[in-house]
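Here is the naming used below: chain letters follow the sequence lines, and residue numbers restart at 1 for every chain.
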4 protein chains.
Amino acid sequence: MISKEENLLRSAEILFAEKGFAGTSIREIAKEANVNISMISYYFGSKEKLYEKLFEFRMNESLSFSEDVIANNTLDEWEKMVLVMNRYADRVKNLKPFYLIMQREQLVNRNPVIYEFLKQSKKKFLGIYEELIKKGIERKIFTKNPRLEFVHSTVSGTIFTALNTLPVYQEFFEGDDDYEIQYFEEIKIHIQTILKHLLGYEENK
Amino acid sequence: MISKEENLLRSAEILFAEKGFAGTSIREIAKEANVNISMISYYFGSKEKLYEKLFEFRMNESLSFSEDVIANNTLDEWEKMVLVMNRYADRVKNLKPFYLIMQREQLVNRNPVIYEFLKQSKKKFLGIYEELIKKGIERKIFTKNPRLEFVHSTVSGTIFTALNTLPVYQEFFEGDDDYEIQYFEEIKIHIQTILKHLLGYEENK
Amino acid sequence: MISKEENLLRSAEILFAEKGFAGTSIREIAKEANVNISMISYYFGSKEKLYEKLFEFRMNESLSFSEDVIANNTLDEWEKMVLVMNRYADRVKNLKPFYLIMQREQLVNRNPVIYEFLKQSKKKFLGIYEELIKKGIERKIFTKNPRLEFVHSTVSGTIFTALNTLPVYQEFFEGDDDYEIQYFEEIKIHIQTILKHLLGYEENK
Amino acid sequence: MISKEENLLRSAEILFAEKGFAGTSIREIAKEANVNISMISYYFGSKEKLYEKLFEFRMNESLSFSEDVIANNTLDEWEKMVLVMNRYADRVKNLKPFYLIMQREQLVNRNPVIYEFLKQSKKKFLGIYEELIKKGIERKIFTKNPRLEFVHSTVSGTIFTALNTLPVYQEFFEGDDDYEIQYFEEIKIHIQTILKHLLGYEENK
DNA sequence: GATGAATGAGCTTTCATTCAT
DNA sequence: GATGAATGAAAGCTCATTCAT
């Protein structure tokens with residue numbers, strides 16, 4: 001049995017993804033969730049707070065996983081980096097609606113609470129990359145020391161552009177139904193290739 | 001002397017970039033442009049049509065340049081590719097507000113007219129890359145034949161993520177006032193490095 | 001205690017009668033009913049729906065009575081016809097505002113829902129006249145079989161023109177305050193005279 | 001070559017008939033007449049004045065004819081009455097749009113200028129009937145002296161109700177394409193029958 | 001005389017939120 | 001704790017008319 005609160009969050013995520021924050025009315029959310037309108041103010045305080053709650057929920061999910069990877073002593077830095085990147089790509093693919101919202105929110109500094117969420121998230125990823133690269137170089141796994149921003153821009157940018165442009169690619173290349181699934185697998189390899197080049201990593205050395 | 005129509009378009013671009021389509025009211029646009037509200041309906045027909053006009057205007061600007069580059073016979077394929085990419089990066093940097101709007105619109109299929117604009121724009125760029133790579137390989141300038149989608153995702157994605165994440169980078173790396181300018185110059189080099197690798201291009205061969 | 005919904009309907013009826021549908025703003029209706037503007041959308045959905053509701057309400061009132069008359073076995077066909085006609089004339093007199101609206105709506109096919117109401121209402125009256133005349137002839141109460149349309153046009157037309165032209169008559173004939181009341185009583189007799197002639201009915205035969 | 005002024009009047013008549021005064025915008029009228037919007041204020045002063053002009057034009061047309069009939073010495077009172085009534089019925093049929101407007105305007109006292117037009121028109125007809133009946137009785141052509149209002153209500157009412165309800169009659173009686181033409185001829189006979197009865201007139205006595 | 005750009009008031013409807021129960 | 005009626009502000013748009021040329 002799903003609670004009304006959770007139901008509202010689910011409906012809100014879908015609708016915010018489709019129409020944006022301002023473009024979605026609480027009437028629609030409440031209707032979609034089969035819940036009375038006043039419940040949104042009642043449970044969350046306001047439309048804005050509901051939106052923040054949604055971010056809080058998804059961001060916390062995201063944070064927990066990467067930390068586990070870093071702490072894992074059985075993996076070397078390259079493996080960790082690939083794992084973090086792969087998991088991120090999978091997450092983006094699986095939680096499309098939320099990542100559409102997140103991307104859109106990134107483009108505008110509208111709500112200070114959410115801006116802070118996003119900034120901390122990015123900083124955390126930058127911190128992870130920083131440490132992995134530093135240690136990888138110390139251990140001579142990596143032979144180059146690329147500028148961190150560029151690594152981040154390219155990895156994140158490729159994943160998100162892949163997500164957003166997929167329908168156009170599919171049309172341009174006349175892809176069939178499996179196109180999307182294959183595409184997401186191959187783009188991970190593509191990013192690995194670039195990372196190897198940027199970090200000067202050689203497999204089976 | 002700027003016409004009222006142009007004034008409205010300028011104000012609208014800034015406001016749509018800051019607050020999104022639904023989040024911007026025509027009252028605000030008119031006020032910002034120092035023009036009577038009803039002028040928006042008078043000139044453009046509706047808020048939606050004004051938005052489309054903005055896209056039409058900026059997209060047409062963008063289209064014309066790339067075609068000139070392709071037609072230029074004094075450049076080889078690598079030079080053309082670098083030129084197209086550099087100019088695109090510059091344009092994104094110089095027209096930040098519009099490209100914020102464009103990115104946001106890309107995330108949702110809201111308006112069919114704009115969706116078509118975006119699709120055609122992407123297809124055009126894919127077509128340019130396709131031709132450049134094909135000819136470059138024929139002329140043995142390029143030695144690898146990468147998947148087109150991946151080249152596009154990485155180039156576009158890196159540029160846009162650079163744009164969107166720049167404030168966070170600046171804070172993370174404690175950059176000074178020149179950070180942005182330098183950053184945009186260096187990211188072009190960064191993308192060139194990746195492109196060389198993906199295309200198997202060697203300078204001064 | 002009158003509900004807000006009912007209050008709105010009452011105020012709307014008066015104002016629509018005075019100024020027509022397009023000429024009446026929901027602001028006026030709400031102000032007249034001492035109710036917040038947004039209540040109109042809240043209760044009825046829209047101005048148009050409020051208008052339809054008004055028709056639905058008044059038409060249903062009208063339908064129920066005539067059916068009772070027809071079913072009454074203690075009356076002969078002439079008595080039934082007179083009763084239906086008299087009650088209709090009374091109703092038009094007592095619900096002037098609504099019948100002004102109704103006549104105006106009859107002149108233009110604006111709203112399909114209302115058009116259907118009006119058509120059904122007219123057909124119902126035609127059906128009643130048809131049956132009464134048929135039975136009256138079978139029972140030799142009536143000796144002529146007039147064209148149905150003409151009976152209807154003359155009865156309805158006389159009643160409505162009487163209603164609409166009354167102020168002019170009063171001025172023309174320099175009638176006093178009782179003029180209206182007397183007038184409406186006598187016009188019923190006038191219509192009966194015509195009906196007797198058209199149907200070939202003779203009293204006290 | 002039709003002047004712009006006349007063109008506007010024609011278009012206005014059609015549109016006012018279809019949608020009423022408040023429901024018709026000067027934009028529509030101007031568009032329909034293929035004339036710039038500002039021309040309406042320019043030629044007529046305002047939308048309201050244009051409306052009045054339309055009434056003035058049609059009412060003057062109507063007045064001139066009846067007076068000719070009365071002055072004609074070759075006709076007796078019955079013939080004059082039939083002629084006036086027939087011509088009125090024809091006029092209503094031929095100028096449907098205007099008489100729709102006129103009927104609607106009759107239902108509401110909106111514009112004092114038009115109200116005066118309508119009142120004078122009705123009084124004039126009442127005056128005509130009054131004189132014809134008076135003289136007819138003096139000359140023993142008519143043997144009854146009916147109440148004037150009732151004669152007027154029945155004649156006018158039957159004609160207008162016939163006009164307005166015709167589509168419903170046609171559907172109810174499953175009339176073919178000729179229905180309308182035949183109907184309008186027969187209704188004149190129907191009204192004559194009633195008039196004979198009301199006035200106690202006997203043909204070929 | 002004739003035009004079309006421009007105006008400000010007004011329209012209906014929807015918005016997020018609050019209040020009485 | 002939970003509801004749905006109710007609110008006032010604001011939305012996009014259209015209105016009749018005026019004004020500068």
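- When the P atom of F:dA16 is taken as reference, atom CG of D:Asn111 falls 16 Å away, rounded to whole Å.
- Remark on DNA chain E: of its neighbouring residues C:Ser25 and A:Phe21, the 5'-side contact belongs to C:Ser25, judged by nearest-heavy-atom nucleotide.
- At least one side-chain nitrogen or oxygen of A:Lys4 sits closer than 4.0 Å to the OP1 or OP2 atom of F:dT3.
- Looking at C:Ser38, its side chain comes within 3.5 Å of the base of F:dG8 through a donor and an acceptor atom.
- C:Ile37 comes within contact range of at least one nucleobase, with a heavy-atom separation under 4.0 Å.
- For the pair B:Asn36 and E:dG8, the criterion of a side-chain N or O lying under 4.0 Å from OP1 or OP2 is met.
- If you check every strand for non-hydrogen atoms under 4.0 Å, D:Lys49 touches nothing.
- For D:Leu8 and E:dA2, the CG to C1' distance is 13 Å, given to the nearest whole Å.
- Nucleotide E:dT3 holds its P atom 13 Å from the CD atom of D:Glu5, rounded to whole Å.
- In this structure, NZ of D:Lys31 is placed 19 Å from C1' of E:dT3, rounded to the nearest angstrom.
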A:Lys49 and A:Val113: side chain to side chain contact (heavy atoms under 4.5 Å, CB included), yes or no, with the steps? CA-CA 10 Å; A:Lys49 293 267 179 61; A:Val113 173; over 6 Å; no
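- Aromatic ring pairs are classed by plane angle as parallel below 30°, tilted from 30° to 60° and perpendicular above 60°; the pair D:Phe117 and D:Phe55 is parallel.
- Figure legend: cation-pi geometry between A:Lys47 and A:Phe21, with NZ or CZ positioned under 6.0 Å from the six-membered ring centre and within 45° of its axis.
- Contact between the side-chain N/O atoms of D:Tyr42 and the OP1/OP2 oxygens of E:dT3 is not found at any separation under 4.0 Å.
- Classified by interplanar angle (parallel below 30°, tilted 30° to 60°, perpendicular above 60°), the ring pair D:Tyr51/D:Phe16 is perpendicular.
- For B:Ile40 and F:dT14, the CD1 to P distance is 13 Å, given to the nearest whole Å.
- Evaluation of atom-type donor-acceptor distances gives a pair under 3.5 Å for the side chain of A:Arg27 against the base of E:dA16.
- Using a 4.0 Å heavy-atom cutoff across all strands shown, A:Ser41 reaches at least one base atom of the nucleic acid.
- What you find for B:Leu50 and B:Ile40 is that their closest heavy atoms are CD2-CG2, 4.2 Å.
- Under the 3.5 Å distance criterion, the side-chain polar atoms of B:Ser41 are left unmatched by any main-chain donor or acceptor of B:Ser46.
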Please walk me through it: do B:Arg110 and B:Glu48 pass side chain to side chain contact (heavy atoms under 4.5 Å, CB included)? CA-CA 11 Å; B:Arg110 204 183 52 80; B:Glu48 195 78 47; 3.1 Å; yes
Just the dot-bracket of DNA chain E, please: which string comes out with Watson-Crick or G-U pairs under 3.5 Å, [ ] for crossing, | for another strand? .||||||||||||||||||||
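- Rounded to whole Å, the distance from CE on D:Met39 to P on F:dA16 is 16 Å.
- Taking atom CD on C:Glu28 and atom P on E:dA9, their separation rounds to 18 Å, with Å as the unit.
- Rounded to whole Å, the distance from NZ on D:Lys47 to C1' on E:dG10 is 13 Å.
- Checking E:dT13, E:dT3, E:dT17 against the side-chain heavy atoms of C:Ser46 singles out E:dT13 as nearest.
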Given the rule in the side chain to side chain contact (heavy atoms under 4.5 Å, CB included) test, do B:Arg104 and B:Tyr99 qualify, once you have shown the distances and angles that lead to the verdict? CA-CA 8 Å; B:Arg104 228 181 282 134; B:Tyr99 281 96; over 6 Å; no
